[in-house]
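Residue numbering restarts at 1 for every chain, and letters A, B, ... go by the order of the sequence lines. Please read all numbers here as calculations on a predicted model, not as lab measurements.
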Amino acid sequence: MDYNFKDIEKKWQDIWDKNKTFAASDDYSKPKYYALVEFPYPSGQGLHIGHPRPYTAMDIVSRKKRLQGYNVLFPMGWDAFGLPTENFAIKNKVHPALITEKNIERFKGQLKMLGLSFDWDREVNTTDPDYFKWTQWIFIQMFKKGLAYKSEMAVNWCTSCKVVLANEEVVGGVCERCGGEVVHKVKSQWMLKITEYAQRLIDDLSEVNYLDKIKTTQKNWIGRSEGAEVDFTTSEGDILTVYTTRPDTLFGATYMVISPEHPILKKWESKLKNNDAIFEYQEKSARKSDFERTEMAKEKTGVKLDGVYAINPVNNREIPIFISDYVLMGYGTGAIMAVPAHDTRDYDFAKVFDLPIIEVVKGGDVTKEAFTDCATGIMTNSGFLDGLSVEDAKVKIKDWLEETGKGKKKVNYKLRDWVFSRQRYWGEPIPIVHCDKCGYVPIPESELPLTLPEVESYMPTDNGESPLSTLDSFINTTCPKCGGPAKRETDTMPQWAGSSWYFLRYCDPHNDKELASKEALNYWMPVDWYNGGMEHTTLHLLYSRFWHKFLYDLGAVTTKEPYMRRTSHGMILGEDGQKMSKSRGNVINPDDVVNEYGADSLRLYEMFVGDFEKTAPWSTKSIKGCKRFLDRVWALQDMLIDGDDYRDELKASFHKTVKKVSEDIENLKFNTAIAALMSLINEIYATKQINKAELKTFITLLNPFAPHITEEIYENVGFGGMLNEQNWPEYDETLCVDDTIEIVAQINGKVKAKLVVSVDESKDDVIAKVKSEPRIQNAISGKNIIKEIYVPGKLVNIVVK
RNA sequence: GCGGAUGUGGCGGAAUUGGCAGACGCGCUAGACUUAGGAUCUAGUGGGGUAACUCGUGAGUGUUCAAGUCACUUCAUCCGCACCA
């Protein structure tokens, strides 16, 4: 009987579907396990060969947990708002909802074809009004708490997508999605105050089990720094406040630099003697795109403000003020004190403009380069700070600043507030109206969801407004507060909105009273294990933690953090080691692979290919090896003999394998779990037989990885019931050790012989045996034995001279 | 520049607290069975050497009875951030 994977896989997928085998139960008395994968964007291309990697991994975890008696929630859904769908709609004049529906159907079919044990009764779709009703509801709550606000500001504008981008969406100065040029544009935008949560987003990382690199990336992105604000008085009597992490170097501040956009420039206009040059410089930096600005990062440019100066508060020296685009308006105060001796950028600038460089920390050579080392330097030329270490000087100067009222301690973050408006059609409408009398007013919650109107064209307008702005019937409304005429907000939310809380909806997906019931959230949350891409560490992961914390403050959820554990998978590359892309012609289609080798082989291959966290190139040859392994598993049926316990010669191997597979799944080491099963089958083949107890354990261990073939064998053999209803095998630690062990005999650390001894043999006996080995005798004869090292169960090392 | 990784056979990759380097798979070689083999089974497979032996985890130094693993130095590659004061 051949292994006919096509029929077998179809058969079991239908059975699982019909029986709702993997539906999470609402019986809250059972122990729960919530396993989560990132829901995909249902693109027109269909499933990528990389998708099954994380999905299979968490499917394995879910299937194992079910066998271990947990009530498992392993849901799936669609993050379906987004630009590609909208662009397709524009091009082909079809409603994005129709395209989305079609794409979802295709994706769903492909996921089912892989035998993933999702609970399809809990499917969510971010574009479903019953879903985004609650996305809008959360936004309104944020608005009410002052965390959503509208602000006139310079934003990143993609000239190709004609849409505002969040800072996180600008990569290398260009649009993350289309690679188009990104320029600055001043627009009125909805913003979310994620900065208010910056500290908590750092602090609470200590309560969760994320991979260290994920925690590090999040911390770096939030970018906390400790320093001080220092007030400089100017010749005009204004206070110019700077932020610095090196207040200890205040005596070395020989000039100041403010951002070209700094508002104080307007105020000083009448005092300044070189307004033309200043204006020209401002114009030039405003025109620069982010890309150009980073390109130019090497050469320092700027203009000295002629007519005003500042006074260094620590020594009352008069120092010049410059504008330069290396000072950013968006960080700190938009103004800096420049200490060229101890800051590389200030040093470069000082060299260009021939400004004095005063050493205030000894330890380097400031005639050659800036000395920035904080750990070893000693203060000098710094009045009351002289002789102190940098660390001590920081403390002392901060105290001095606070005592004299010339400054204060200050913590700063690189994280900025989240630009939340998009000038697009295919997104959640922002549920706010603007009334001339009442300002911005949220629409009543009873009117949610605020759905998208039908429009003629999905094309964003050239002046940067949303397609919704052309629709008078949508825009014109009445103010919920005063009843007067009002206009609706025409911007929509970014794609990150719907994915910031979807894991909560899975807990109670059909609830029309609240985003999910308290009972459901109490039982299911937090997510026990969330796996997703590294590329979402600074976007989705941070955003969703922020929303969750907000909902926690609101009392809508009961846990501070949404995810207890976060891991990350590596990408699947093309066979040539390059990223898969149509243009390279190295794309592998999952449909073809499943058709040729079967879903079980594909699942096995993607788990076996290498370290789960690392990228791995696709290899058609390797998947054949996995198929071959399954063929061998299938053939075990022909070797079947009776027996209700493991045979003695395989007992230890079985216990060891159960232990290894159980542990490896928990530790994200699917590749070695499969290797252990391969080793075991090799041992079984050597005996040419397998008994029923052994077969049952073997296919149960393999079931999470290859669910179809194992279920089929289970049925064929007639064990009774279904494999997915059985128990995960147990192991006995004491039975994991063999009766005899191989001991390595070394001379001076080099292996000379190997011998088999029984486990309970004493140290002296083992050493005596080692010494009686001919090769050892050879090596020690005529030499002095200096030392004998005995590592129980491992080796004996004899040191001779 | 800063931050995070990674470096092991022909290839993908294994290796608790330092304790047999190369598990498992691919590929390759030989044999068996076959009309056939791009199927299957069995055996072999890091380099050098007939052999005893010896050399081997990017490079170098050190610690140790013992180092892929620890320390220091260095090189290369990848990823993220990038004038964050």
Side-chain angles (χ1 to χ4, degrees), chain A residues 171-173 211-214 216-217 219-221 223-225 227 242-247 249 257 259 290 293-294 296-300 324-328 330-339 342-346 348-349 372 412-416 534-535 537-538 570-571 577 604-605 608-611 613-626 628-629 631-632 635 663 669 671-682 685-686 688 742-754 775 778 786-800:
Chain A
V171 174
L211 295 178
D212 281 342
K213 61 176 175 183
I214 296 176
T216 309
T217 308
K219 280 184 196 158
N220 288 347
W221 190 263
R224 179 194 153 98
S225 69
V242 304
Y243 171 73
T244 177
T245 55
R246 294 294 303 274
T249 62
V257 187
S259 160
D290 270 1
R293 220 167 140 154
T294 38
M296 316 279 236
K298 327 243 141 61
E299 269 296 294
K300 292 282 179 289
S324 174
D325 62 6
Y326 87 87
V327 175
L328 311 170
Y331 182 76
T333 61
I336 61 155
M337 64 177 213
V339 184
H342 305 291
D343 180 283
T344 315
R345 296 151 303 173
D346 298 345
D348 295 344
F349 191 85
T372 56
N412 240 321
Y413 303 92
K414 290 185 198 171
L415 188 70
R416 323 250 178 108
M534 229 15 228
E535 71 274 18
T537 306
T538 50
M571 244 192 311
L604 210 57
Y605 167 73
F608 185 61
V609 66
D611 186 333
E613 293 179 52
K614 294 197 193 127
T615 55
W618 176 264
S619 161
T620 299
K621 274 179 183 159
S622 273
I623 195 174
K624 282 184 184 164
C626 293
R628 202 173 292 164
F629 168 67
D631 284 333
R632 281 158 70 83
E663 290 174 354
K669 299 179 77 164
N671 53 338
T672 49
I674 294 168
L677 288 168
M678 287 173 167
S679 289
L680 184 57
I681 206 171
N682 288 344
Y685 262 71
K688 297 192 168 66
E742 200 179 53
I743 291 278
V744 173
Q746 297 179 330
I747 299 292
N748 294 342
K750 301 209 162 161
V751 181
K752 292 289 171 188
K754 293 174 184 179
R775 288 191 59 200
N778 232 337
I786 294 168
K787 213 169 175 183
E788 288 167 349
I789 290 132
Y790 172 70
V791 182
K794 292 247 158 82
L795 59 76
V796 171
N797 187 16
I798 299 173
V799 185
V800 299

Whole angstrom value for the distance that separates [atom2] of [N] from [atom1] of [X]:
X        : N     : atom1 : atom2 : result
A/Asn220 : B/C81 : CG    : P     : 11 Å
A/Tyr605 : B/C24 : OH    : C1'   : 14 Å
A/Ile747 : B/C53 : CD1   : C1'   : 15 Å
A/Lys794 : B/A15 : NZ    : C1'   : 11 Å
A/Lys414 : B/G3  : NZ    : P     : 11 Å
A/Leu677 : B/A14 : CG    : C1'   : 15 Å
A/Asp346 : B/G1  : CG    : P     : 19 Å
A/Ile743 : B/A66 : CD1   : P     : 19 Å

Legend entry - Six-ring centre of A/Tyr326, A/Lys300 cation under 6.0 angstrom, axis tolerance 45°: yes
Inset, instruction - Counting Watson-Crick and G-U wobble pairs only, both distances under 3.5 Å, name the nucleotide matched with B/G46, or none. - result: B/C55
Assign [X] to base, sugar-phosphate, or nothing according to its heavy-atom contacts below 4.0 angstrom with the strands shown.
X        : result
A/Val799 : sugar-phosphate
A/Asn671 : sugar-phosphate
A/Thr217 : nothing
A/Lys624 : nothing
A/Thr344 : nothing
A/Asn797 : base
A/Arg632 : sugar-phosphate
A/Asp212 : nothing
A/Val609 : sugar-phosphate
A/Ser619 : nothing
A/Thr615 : sugar-phosphate
A/Gln746 : base
A/Asp611 : sugar-phosphate
A/Lys688 : nothing

Legend entry - Side-chain donor/acceptor of A/Lys300 to base of B/C83, under 3.5 Å: yes
Legend entry - Any donor-acceptor N/O pair under 3.5 Å between B/C65 base and A/Lys787 side chain: no
Between [M] and [N], how far apart are the [atom1] atoms? Round to whole Å, please.
N     : M     : atom1 : value
B/A39 : B/C24 : C1'   : 22 Å
B/G10 : B/A59 : P     : 14 Å
B/G4  : B/C72 : P     : 14 Å
B/U74 : B/C26 : C1'   : 35 Å
B/A21 : B/U54 : P     : 13 Å
B/A14 : B/U29 : C1'   : 24 Å
B/U57 : B/G49 : C1'   : 22 Å
B/A30 : B/C78 : P     : 39 Å

Inset, instruction - Report the residue (A/Met678 or A/Thr245) whose heavy-atom-nearest nucleotide on RNA chain B is the more 5′ of the two. - result: A/Met678
Legend entry - Given RNA chain B, 5'-ward residue of the pair A/Asp631 and A/Lys213, judged by closest heavy atom: A/Lys213
Measuring from the side chain of [X] (C-beta onward, heavy atoms only), which nucleotide among [options] has the closest atom?
X        : options             : result
A/Tyr243 : B/A14, B/A85, B/C20 : B/A85
A/Leu795 : B/A23, B/G3, B/G19  : B/G19
A/Asn682 : B/U42, B/G19, B/G25 : B/G25
A/Lys621 : B/G27, B/A21, B/G4  : B/G27
A/Pro617 : B/A23, B/C20, B/G13 : B/G13

Legend entry - Any A/Lys750 side-chain nitrogen or oxygen under 4.0 Å from OP1 or OP2 of B/C55: yes
Inset, instruction - Give a yes/no on whether any side-chain N or O of A/Arg628 is located under 4.0 angstrom from OP1 or OP2 of B/G27. - result: yes
Legend entry - A/Asn797 side chain to A/Ile789 backbone, donor-acceptor under 3.5 Å: no
Inset, instruction - Quick one: do A/Glu663 and A/Lys669 satisfy salt bridge (Lys or Arg N to Asp or Glu O under 4.0 Å)? Show the steps, please. - result: CA-CA 8 Å; A/Glu663 290 174 354; A/Lys669 299 179 77 164; over 6 Å; no
Inset, instruction - May I ask you to check whether A/Trp618 and A/Tyr605 place their ring centers less than 6.0 Å from one another? - result: yes
In Å and rounded to the nearest 0.5 Å, what is the [atom1] to [atom2] distance from [X] to [Y]?
X        : Y        : atom1 : atom2 : result
A/Tyr331 : A/Arg416 : OH    : CZ    : 9.5 Å
A/Tyr243 : A/Ile336 : OH    : CD1   : 13.0 Å
A/Lys754 : A/Leu795 : NZ    : CG    : 12.0 Å
A/Leu415 : A/Asn220 : CG    : CG    : 12.5 Å

Legend entry - A/Lys621, NZ atom: more than 12 neighbouring heavy atoms under 6.0 Å: no
Inset, instruction - For B/G9, decide between syn and anti, treating a glycosidic angle within 90° of 0 as syn. - result: syn
